A.B. asks: 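Next up is a structure, given as structure tokens.
Model, not experiment: these values are computed from the prediction.
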Amino acid sequence: MADGSCVIEEDDFMALSEVKASIIFTSGNHDYYPGINNVHRALEKAGVSILENDSIEYKGLNIYGLSYSFGDIPYPSMEELKDSIVDNLVNIIIFHVPYYWDEFSRIGFDIQLSLILKKEVNL
């Protein structure tokens, strides 16, 4: 949500409150540059669901947000992650970087959503 280029104010994400679909946020590294508390406050005010090492069930999905926090928010163990798996639901893990899929799938996650940036070069 944030890129670290400016201060995040409490009303900065209010446009998201007009979106009809549910919005789920899990932090990435750039969200820490302007202060994760500032980002969280603005998201909460806009009605965004925040998952920082936590999960929610939504329409037959178990969605787990694994924080990418530089250690500011401790990572759960693989055993704790395994305990978050819900049988008979599709288990999705959101993690900022596309790492650890082998481990996540082994403990029961069906899908991993991550951000991959590819810089395009215009010649």
A.B. asks: Are I23 and Y58 joined in one hydrophobic group, where the rule is that I, L, V, M, F, W and Y side chains link up if heavy atoms are under 4.5 Å apart?
C.D. replies: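 In one cluster with I23: Y58, no.
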
A.B. asks: Any side-chain heavy atom of P34 within less than 4.5 Å of one from V7?
C.D. replies: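 Of all side-chain heavy-atom pairs linking V7 with P34, none is under 4.5 Å.
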
A.B. asks: Group every Ile, Leu, Val, Met, Phe, Trp and Tyr by side-chain heavy-atom contacts under 4.5 Å, then state whether L51 and L113 land in the same group.
C.D. replies: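 L51 clusters together with L113.
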
A.B. asks: Assess the residue pair E52 and T26 against the criterion (side-chain hydrogen bond (donor to acceptor under 3.5 Å, both in side chains)); give the C-alpha distance rounded to whole Å, side-chain angles, the decisive distance to 0.1 Å, and a yes or no.
C.D. replies: CA-CA 6 Å; E52 300 286 15; T26 301; 5.7 Å; no

A.B. asks: Quick one: CD1 on I36 to CG on N29, what's the gap to the nearest 0.5 Å?
C.D. replies: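 Answer for the CD1-CG pair, I36 versus N29, is 10.5 Å.
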
A.B. asks: Indicate, with yes or no, if I93 and L61 share a hydrophobic cluster defined by side-chain heavy-atom contacts under 4.5 Å among Ile, Leu, Val, Met, Phe, Trp and Tyr.
C.D. replies: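 The answer is no; the residues belong to distinct hydrophobic clusters.
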
A.B. asks: Answer yes or no: is there a side-chain heavy-atom contact under 4.5 Å between S49 and F25?
C.D. replies: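 Result no, sub-4.5 Å side-chain heavy-atom pair not found.
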
A.B. asks: Above 12 or not: heavy atoms from other molecules or residues under 6.0 Å from OH of Y33?
C.D. replies: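 Yes.
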
A.B. asks: Is the backbone N or O of I85 less than 3.5 Å from a side-chain atom of D87, with the two atoms forming a donor-acceptor pair by type?
C.D. replies: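 No; zero donor-acceptor contacts below 3.5 Å.
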
A.B. asks: Hey, what's the ring geometry for F95 with Y100, parallel, tilted or perpendicular (30° and 60° as the breaks)?
C.D. replies: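 Ring orientation, 0 to 90° scale: tilted.
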
A.B. asks: How would you list, by chain and number, every residue that makes a side chain to side chain donor-acceptor pair (under 3.5 Å) with D110, sequence neighbours excluded?
C.D. replies: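 Expected list: none.
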
A.B. asks: Parallel, tilted or perpendicular: which describes the rings of Y68 and H96, with under 30° parallel and over 60° perpendicular?
C.D. replies: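 The arrangement is tilted - the two ring planes meet at 30° to 60°.
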
A.B. asks: Is V86 reachable from I94 through a run of I, L, V, M, F, W or Y residues, each pair having side-chain heavy atoms under 4.5 Å apart?
C.D. replies: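 No: no chain of side-chain contacts under 4.5 Å links I94 to V86.
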
A.B. asks: Quick check for you: to the nearest 0.5 Å, what is the distance between I24 atom CD1 and L43 atom CG?
C.D. replies: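 Answer rounded to 0.5 Å: 12.5 Å.
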
A.B. asks: Please determine whether side-chain contact (heavy atoms from CB on, under 4.5 Å) holds for the pair E80 and Y75, giving the CA-CA distance in whole Å, both sets of side-chain angles, and the decisive distance to 0.1 Å.
C.D. replies: CA-CA 9 Å; E80 290 169 318; Y75 285 114; over 6 Å; no

A.B. asks: Go through the structure and list residues passing salt bridge (charged side-chain N to carboxylate O under 4.0 Å, His left out) with D54, not counting sequence neighbours.
C.D. replies: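 Applying salt bridge (charged side-chain N to carboxylate O under 4.0 Å, His left out) to D54 gives none.
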
A.B. asks: Treat each ILVMFWY residue as a node, draw an edge where side-chain heavy atoms are under 4.5 Å apart, and state whether Y99 and M78 are in one component.
C.D. replies: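 Yes, because Y99 and M78 connect within a single hydrophobic cluster, where side-chain heavy atoms sit under 4.5 Å apart.
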
A.B. asks: M1 and I8: side-chain contact (heavy atoms from CB on, under 4.5 Å), yes or no, with the steps?
C.D. replies: CA-CA 10 Å; M1 291 302 295; I8 300 296; over 6 Å; no

A.B. asks: Can you measure from CZ (F109) to CG (N91) and round to the nearest 0.5 angstrom?
C.D. replies: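 So the gap between those two atoms works out to 6.0 Å.
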
A.B. asks: Any sub-3.5 Å donor-acceptor pair from S114's side-chain atoms to V97's backbone N or O?
C.D. replies: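 Yes: the side chain of S114 pairs with the backbone of V97.
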
A.B. asks: With the side chain counted from C-beta on, respond yes when I56 and Y64 share a heavy-atom pair under 4.5 Å apart, and no when they do not.
C.D. replies: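 Side chain of I56 against side chain of Y64, heavy atoms only: no contact under 4.5 Å found.
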
A.B. asks: Once you round to the nearest 0.5 Å, how far does OG of S55 lie from CG of L89?
C.D. replies: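 Between S55 OG and L89 CG, I get 10.0 Å after rounding to 0.5 Å.
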
A.B. asks: Between the main-chain N or O of A15 and the side-chain N or O of E18, is there a donor-acceptor pair closer than 3.5 Å?
C.D. replies: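 Pair absent, no side-chain N/O of E18 close to backbone of A15.
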
A.B. asks: Are V48 and F13 packed together at the side-chain level, in the sense that at least one heavy-atom pair is separated by less than 4.5 angstrom?
C.D. replies: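 Of all side-chain heavy-atom pairs linking F13 with V48, none is under 4.5 Å.
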
A.B. asks: Is Q112 close to I92 at the side-chain level, that is, under 4.5 Å between some pair of heavy atoms?
C.D. replies: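 No, too far: nothing below the 4.5 Å cut-off.
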
A.B. asks: Drop me the distance from N53's CG to L66's CG, to the nearest 0.5 angstrom.
C.D. replies: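 Interatomic distance, N53 CG to L66 CG, rounded to 0.5 Å: 5.5 Å.
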
A.B. asks: Quick check for you: to the nearest 0.5 Å, what is the distance between H40 atom NE2 and N37 atom CG?
C.D. replies: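 H40 atom NE2 to N37 atom CG measures 7.5 Å (nearest 0.5 Å).
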
A.B. asks: Please indicate whether K45 has more than 12 foreign heavy atoms, meaning atoms of other residues, nucleotides or ligands, lying under 6.0 Å from its NZ.
C.D. replies: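 Check passes, neighbour count above 12.
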
